[in-house]
S.K.: 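Can you keep this structure in mind? I'll have questions shortly.
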Amino acid sequence: MTEAIITMKAVEKTYQLGGQVVHALNRIHLTIEEGAFVSIVGPSGSGKSTLMNIIGCLDKPDSGSYVLGGSAVDRLKDRDLAEIRNQKIGFIFQNFNLLGKMTALENVELPLIYRGVKTKERKARARECLEAVGLKERAAHRPNQLSGGQQQRVAIARALAGQPQILLADEPTGALDSKTSDDIMALLTALNHQGRTIVLITHDLEVARKATRTVSIRDGKLQEGEHI
Amino acid sequence: MNVFTSIKMAVRNIQGNKLRSFLTMLGIIIGVGSVIALLAIGQGSSKSVADSVNSLGTNLITVNITNTDTYFTMDQLKQVKQATGVKHVAPVLSGRNTFQKGSTSTTASVTGTTSSYLSIRQMTVKEGRFISSLDEKFRQKVVVLGSDLATTLFENQSPIDKYVRIDGANYLVVGVLNSKGGSMGTSSDDAAFLPYSTAQRLQQTTYITQFYAQAENQQSVNLAMAAISRVMSETYSDSDDYSVVNQQDVMEAMRAVTDSMTMLLTGIAGISLLVGGIGIMNIMLVSVTERTREIGIRKAIGAKRRDIMLQFLIESAVLSMLGGLCGAAIGVLTAKVYELTAGATIVFSLPIMTAAFLFSAIVGIIFGVFPAYKASKLKPIDALRTE
């Protein structure tokens with residue numbers, strides 16, 4: 001059996017919403033092995049965004065334990081979480097979240113800048129990543145000069161640049177047409193075949209089926225397989 | 001992330017918002033510019049005052065008599081001349097009168113004095129002679145012209161042995177002085193000098209209200225001043241009735257005035273620099289709000305609080321230093337323009353310019369701290385959620 005990269009035990013997260021306590025995550029147990037391609041599906045309000053934020057170390061669980069790539073992250077301080085995000089996670093967002101004033105190449109360089117990689121090496125690695133997503137020729141373009149699909153490829157290249165342990169994709173096809181969606185999903189599948197661990201969060205079952213394992217979430221509780 | 005990359009990022013951001021960056025910097029530009037220009041002009045005027053006071057001779061002692069009930073006469077002046085340390089004395093009677101030569105008519109200042117005036121004021125004769133003691137004794141209607149007044153009345157001709165009308169009476173020109181330049185608003189070049197006794201008759205007074213004394217040398221100035229005061233106190237019991245001042249005192253009084261003016265102007269300029277800093281803070285706060293999403297993205301990707309803080313701090317520091325540089329250039333330019341148009345002396349001092357520039361940089365950093373802190377405190381999930 002391959003090594004587990006994500007191990008969550010009894011993770012809970014509650015919010016206060018207008019005086020009402022909402023159990024966004026209710027004792028979640030989740031294990032994801034290295035090299036897996038897992039999709040997490042659920043309707044809006046199911047708690048999947050909260051789960052993604054916790055997996056992505058953008059938020060901390062109220063209780064329970066979370067081990068990512070061998071380190072317990074549930075009790076880390078903010079600055080250490082920033083480091084974990086930088087080292088271990090590559091984010092892919094629904095609306096790409098590229099910085100508009102920077103070129104594609106500079107966007108891809110960004111995680112390496114915060115890691116303190118020297119300019120020359122940084123540029124070379126960013127170029128490699130752009131090449132991997134098939135956008136070598138667009139390195140000097142700005143996001144507004146690129147199509148939606150191309151922007152998402154740049155975002156994927158940026159996620160890859162830090163050589164993270166997992167790629168965390170939040171509705172990566174949500175803002176794309178079906179043709180482009182298929183391309184992006186094909187790219188993610190190809191990356192998975194190269195050995196990348198991918199966690200995909202979506203409400204779209206078509207997209208979720210591309211993964212090798214599907215987990216569904218409803219009212220803050222997890223279930224294996226498709227139960228929507 | 002290293003500082004150099006941060007600076008590059010800040011410069012890029014400033015370039016991306018040219019108009020806004022310029023408007024943000026404007027406060028600092030005006031602040032630094034006015035500090036530099038005003039100080040250059042202020043120091044320049046201090047210097048020109050000092051120069052003109054020094055040109056009168058540092059041995060010069062001026063005595064003014066303010067009591068008009070007890071007259072001070074030539075006999076008493078002779079006693080002053082005998083005082084210890086005093087080399088020369090010359091009474092001064094000032095007025096303004098109308099000069100006429102042919103169809104040319106002008107008004108100029110008239111000084112009634114004696115022969116020693118020439119050496120006391122360190123003036124020299126260009127042509128002819130100065131007033132003699134004989135002129136004084138016989139109330140001769142003779143006049144010595146300053147160089148500018150001579151040119152005005154006689155153009156290129158020699159005025160010697162020609163007549164000029166002063167307030168309707170004819171006076172024989174016996175001499176013309178070399179140009180000495182102006183001092184404190186009055187030019188001795190656009191003036192005429194009469195024998196003291198003649199001037200008394202012209203101005204219709206019989207007593208002395210002002211006289212100059214020259215100390216034997218610079219070391220004996222204080223001694224001479226004390227001696228003069230002693231003679232004066234024999235006539236006037238109240239020391240408020242007269243004043244004995246030397247050039248040093250005059251210079252110090254002048255300097256005190258220009259210094260306080262300079263302080264005042266610098267204070268105002270400093271306030272505008274402060275206001276400029278507040279402008280920077282304002283814009284940086286707006287910028288933080290606008291770029292919340294960018295901050296969220298950066299944080300998600302791995303930027304630490306320190307990185308975000310540094311980014312915004314460097315941005316405001318670069319903005320204010322750029323403003324400081326532009327301000328310094330504009331300040332120098334303004335002072336130069338003032339020098340050329342007003343013909344005034346200006347003095348640039350490198351320490352002041354450096355201080356103004358550094359102050360602007362410090363203002364930028366201090367007023368950048370709060371916005372930068374606000375930016376760094378944003379939570380990545382909240383920041384990513386904003387549109």
Side-chain angles (χ1 to χ4, degrees), chain A residues 13 15 24 49-60 76-103 106-119 122-123 142-143 155 158-162 164 168 170, chain B residues 1-21 284 286-315 318-319 372-387:
Chain A
K13 185 84 187 173
Y15 292 109
S49 296
T50 310
L51 183 59
M52 176 202 122
N53 286 339
I54 288 175
I55 292 174
C57 295
L58 292 166
D59 207 353
K60 284 188 264 190
L76 285 182
K77 285 183 188 142
D78 281 350
R79 59 169 296 132
D80 299 320
L81 282 182
E83 187 121 5
I84 295 277
R85 288 197 294 271
N86 186 251
Q87 304 277 350
K88 299 192 171 176
I89 300 162
F91 284 95
I92 301 162
F93 299 98
Q94 176 175 2
N95 41 17
F96 326 132
N97 277 344
L98 298 174
L99 295 184
K101 280 182 186 143
M102 295 184 166
T103 64
E106 286 166 331
N107 266 290
V108 178
E109 279 179 60
L110 215 51
L112 300 175
I113 287 179
Y114 288 119
R115 202 180 284 185
V117 178
K118 291 248 161 37
T119 314
R122 202 171 71 209
K123 297 243 182 241
R142 296 197 175 200
R158 181 178 65 187
L160 289 172
L168 189 56
D170 180 20
Chain B
M1 181 162 70
N2 65 30
V3 174
F4 183 68
T5 326
S6 305
I7 293 173
K8 248 168 52 182
M9 218 134 77
V11 169
R12 154 130 0 158
N13 230 311
I14 290 164
Q15 281 174 335
N17 276 314
K18 283 200 186 68
L19 180 66
R20 179 198 278 189
S21 302
M284 291 310 291
V286 171
S287 177
V288 168
T289 311
E290 265 187 4
R291 288 155 66 189
T292 301
R293 196 177 180 78
E294 177 192 328
I295 295 164
I297 296 168
R298 286 178 184 276
K299 283 201 153 184
I301 280 168
K304 298 189 180 80
R305 282 188 60 177
R306 197 183 61 103
D307 295 325
I308 300 292
M309 181 111 184
L310 204 66
Q311 181 189 342
F312 279 86
L313 255 187
I314 285 178
E315 214 170 297
V318 167
L319 261 181
Y373 174 75
K374 230 186 127 188
S376 74
K377 279 232 349 195
L378 285 171
K379 285 216 166 80
I381 27 171
D382 298 334
L384 278 172
R385 212 174 282 150
T386 51
E387 284 308 313

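FYI, side chains are in, hydrogens and waters are out, and symmetry mates aren't considered; it's all heavy atoms of this structure. Proteins come first, then strands; the chains are lettered A, B, ... in the order of their sequence lines, and each starts at number 1. Computed from a predicted model, the values in this text were never measured in an experiment.
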S.K.: Might you point out which heavy atoms bring B:Gly302 and A:Tyr114 nearest each other, and give the distance in Å?
M.R.: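 Scanning both residues, the minimum pair turns out to be O-CB, 4.0 Å.
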
S.K.: A:Ile89 versus chain B, heavy atoms under 4.5 Å apart: side chain, backbone, both or neither?
M.R.: neither

S.K.: Search all heavy atoms of A:Asn86 against all heavy atoms of B:Ile301 and return the closest pair with its distance.
M.R.: ND2-O, 2.9 Å

S.K.: Please identify each residue that fulfils side chain to side chain donor-acceptor pair (under 3.5 Å) with A:Glu109, with sequence neighbours left out.
M.R.: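 Per chain and number, A:Glu109 pairs via side chain to side chain donor-acceptor pair (under 3.5 Å) with A:Arg122, A:Lys123.
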
S.K.: Measure distances from B:Asp382 to the heavy atoms of chain A and classify the residue's part below 4.5 Å as side chain, backbone, both or neither.
M.R.: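 When you check distances to chain A, no heavy atom of B:Asp382 falls under 4.5 Å.
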
S.K.: Decide yes or no on side chain to side chain contact (heavy atoms under 4.5 Å, CB included) for A:Asp59 and B:Lys379, but give the supporting numbers first.
M.R.: CA-CA 9 Å; A:Asp59 207 353; B:Lys379 285 216 166 80; over 6 Å; no

S.K.: How far apart are the closest heavy atoms of A:Phe91 and B:Ala300, and which atoms are they?
M.R.: CE1-O, 3.3 Å

S.K.: Does any part of the side chain of A:Leu99, heavy atoms only, come nearer than 4.5 Å to the side chain of B:Arg298, both counted from C-beta?
M.R.: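 The answer is yes; the side chains approach within 4.5 Å.
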
S.K.: Write out all pairs satisfying salt bridge (Lys or Arg N to Asp or Glu O under 4.0 Å) with one or both partners inside residues 7-21 of chain B, taking only residues at least two apart or from two chains.
M.R.: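 Qualifying pairs, neighbours excluded: A:Glu106-B:Arg12, B:Arg20-B:Glu290.
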
S.K.: Grab the two heavy atoms, one from A:Ala82 and one from B:Ala303, that are nearest each other, plus how far apart they are.
M.R.: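 Of all heavy-atom pairs spanning A:Ala82 and B:Ala303, the closest is CB-O, 3.8 Å.
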
S.K.: Can you tell which of A:Glu83, A:Arg158, A:Arg79, A:Lys101 has the highest number of heavy-atom pairs within less than 4.5 Å of chain B?
M.R.: A:Arg158

S.K.: Could you give the distance from CD1 (A:Ile113) to OG1 (B:Thr5), rounded to the nearest 0.5 Å?
M.R.: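 Rounded to the nearest 0.5 Å, the CD1-OG1 separation comes out at 6.0 Å.
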
S.K.: Which atom pair, heavy atoms only, marks the closest approach of A:Leu58 to B:Leu384?
M.R.: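 The answer is CD1-CD1, 4.2 Å.
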
